[in-house]
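Note sheet for the following structure.
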Amino acid sequence: MKRFSKTLSSVSVILAASMLLLTACGSSVSTSQATNGNSDGGQKIKLSMFIWAGANQDVVPKEVVADYVKKHPNVQVDFVESSNSVMYPKMVAGQKADPNNPVVNFGYFNADASAKGLNDDMWEPLNPSIVTHMQDIPEQYHTKDNRGIVWGVTNFALVYNKDLVKTPPTSWNDLWENPQFKDKVALWDYMFYSYIAPVIELKGKELGATYDKPEAAFDFWGKHTDQVRTLVNSNDQLKNLLISGEALVAPFSSQTAQTWINDEGAPLAVAIPKEGFVSFPYSLQVVKGSTPEQTRVANEIINELLKPENLTKYAEATGTPVTSTAAQVPDKYKNDPSFSVAEQKKGLNPDWSAMARGASEWKDLWDRLVKTKLQ
């Protein structure tokens, strides 16, 4: 894998939902973990934590925070569960309205939101003297000035219905040129890294498309909309389409798909394209505008989340490969190629910086060149 700090930290994300997908989509829900009590001179410290909705993404964060507030009874943490595609625009609007009152104080952010946040100066630097478990994570996953830390890397591959697809897909090209998938491809709306990035990576020279000049890649998809059955906006929507056979294949998080397969018995399978996964980093970050006490507590909780045993629990619960060299790979994933360092290194690595800079342009190109041609 390319050095993450050269992609994200050079931003002054993408990839819809997300795409986990994977990252992960849903509506915003607020819950609370709190205890009564006073310490630190009687000061009550309240802050909010953003976590992803669905697919067991809330299990470990809530356990870790519950343990933390039990030990620190003056702290209250409210959870906001949603997707990055929903939450990040709210964070930007909140920053503009009142930079000293962020919508959330810290939490989990995908590559797209992380890159945009670096570009928008959204993140507060982490304190290495507090977040000591950053030392367990290889330097390639550190962000410039410690404005976040990559704790996990999910992979986007091709998820398909194994009962209905006679010949499994083998390449990203199958999405746009394989006749068995005509009118049977599901794409996550605005999750460009899962279907525009592969076009740029594999056909960029032929089409004259780059991350800074992506119009030809969007035009290419506009000419292949006969392959697309529908656009989706949630994990459950995609899962139901694939299980029912209304759609047969989709570029999506292999980790989320594996939870559907292993935990729910869904008749699906994951194909690793011969060109490799699309690598999709996940970060923990603190939001600027938080008070010094909120920032301190956020750093302390992030350090707890980065403990090897907690990262292993997160991997166990969600199927997400983690970056810490001290964390163990759960037994059930030891033979999963998405946890393989070799597979990660040979994957496609989108230019998150360029996509963040061109976010408005990419959305306009998608709406104008592709969505207008979909029925």
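For clarity, every value in this text was computed on a predicted model and none was experimentally measured.
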Is there a donor-acceptor pair closer than 3.5 Å between any side-chain N or O of [X] and the backbone N or O of [Y]?
X: N310; Y: E304; result: yes
X: N155; Y: F277; result: no
X: T132; Y: S129; result: no
X: E264; Y: T259; result: no
X: N105; Y: S48; result: yes
X: D145; Y: R147; result: no
X: K184; Y: G245; result: yes
X: S244; Y: E246; result: yes
X: N161; Y: L242; result: yes
X: S171; Y: P273; result: no

Take atom CG in D98; do more than 12 heavy atoms of anything else shown fall under 6.0 Å from it?
yes
Should we say atom NZ of K334 is surrounded by more than 12 heavy atoms from elsewhere, each under 6.0 Å from it?
yes
Stepwise side-chain contact (heavy atoms from CB on, under 4.5 Å) check, V59 with Y314
CA-CA 8 Å; V59 175; Y314 204 110; over 6 Å; no
Non-hydrogen side-chain atoms of [X] and [Y] separated by less than 4.5 Å:
X: K46; Y: D78; value: no
X: W123; Y: V287; value: yes
X: P350; Y: Y211; value: yes
X: K332; Y: N262; value: no
X: L306; Y: M134; value: yes
X: M91; Y: V104; value: yes
X: W260; Y: V270; value: no
X: V249; Y: V165; value: no

Distance, nearest 0.5 Å, that separates [atom1] of [X] from [atom2] of [Y]:
X: L207; Y: L202; atom1: CG; atom2: CG; result: 10.5 Å
X: N235; Y: S253; atom1: CG; atom2: OG; result: 8.0 Å
X: N84; Y: N110; atom1: CG; atom2: CG; result: 3.5 Å
X: H142; Y: I137; atom1: NE2; atom2: CD1; result: 6.0 Å
X: D351; Y: T210; atom1: CG; atom2: OG1; result: 9.0 Å
X: Q140; Y: T323; atom1: CD; atom2: OG1; result: 8.5 Å

Answer yes when [X] and [Y] have at least one side-chain N-carboxylate O distance shorter than 4.0 Å, and no when they do not.
X: K274; Y: D174; answer: no
X: E293; Y: R296; answer: yes
X: K239; Y: D236; answer: yes

Nearest non-hydrogen partners of [X] and [Y], listed with the distance:
X: V86; Y: P89; value: O-CD, 3.5 Å
X: A157; Y: I272; value: CB-CA, 4.5 Å
X: N127; Y: N299; value: N-OD1, 2.8 Å
X: A298; Y: F106; value: CB-CG, 3.6 Å
X: T295; Y: E124; value: CG2-CG, 4.1 Å
X: A257; Y: V159; value: CB-CG2, 3.7 Å

Can we call the ring centroids of W52 and Y282 under 6.0 Å apart?
yes
Are F218 and F192 near enough that their ring centres are under 6.0 Å apart?
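Judged by ring-centre distance (under 6.0 Å), F218 and F192 do meet the cut-off.
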Decide side-chain contact (heavy atoms from CB on, under 4.5 Å) for Y190 and W362; before the verdict, give the C-alpha distance in whole Å, the side-chain angles of both, and the deciding distance to 0.1 Å.
CA-CA 9 Å; Y190 301 121; W362 284 52; over 6 Å; no
Is there a side-chain contact (heavy atoms from CB on, under 4.5 Å) between M49 and L305? Walk through the geometry before answering.
CA-CA 12 Å; M49 179 182 185; L305 292 166; 3.6 Å; yes
Kindly determine whether D120 and Y88 satisfy side-chain hydrogen bond (donor to acceptor under 3.5 Å, both in side chains), including the steps that lead there.
CA-CA 11 Å; D120 296 333; Y88 190 76; 2.6 Å; yes
Ring pair (Phe, Tyr, Trp, His ring centres under 6.0 Å) partner of F50, chosen from F109, F79, Y108:
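One option only clears the test, and that one is F109.
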Pick out which of F252, W366, F156, F220 makes a ring pair (Phe, Tyr, Trp, His ring centres under 6.0 Å) with Y195.
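Filter result, single survivor: W366.
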Please test Q328 against T312 for side-chain hydrogen bond (donor to acceptor under 3.5 Å, both in side chains), starting from the C-alpha separation and ending with a verdict.
CA-CA 6 Å; Q328 299 296 312; T312 297; over 6 Å; no
side-chain contact (heavy atoms from CB on, under 4.5 Å) assessment of L231 paired with K371
CA-CA 9 Å; L231 303 178; K371 289 185 74 171; 3.9 Å; yes
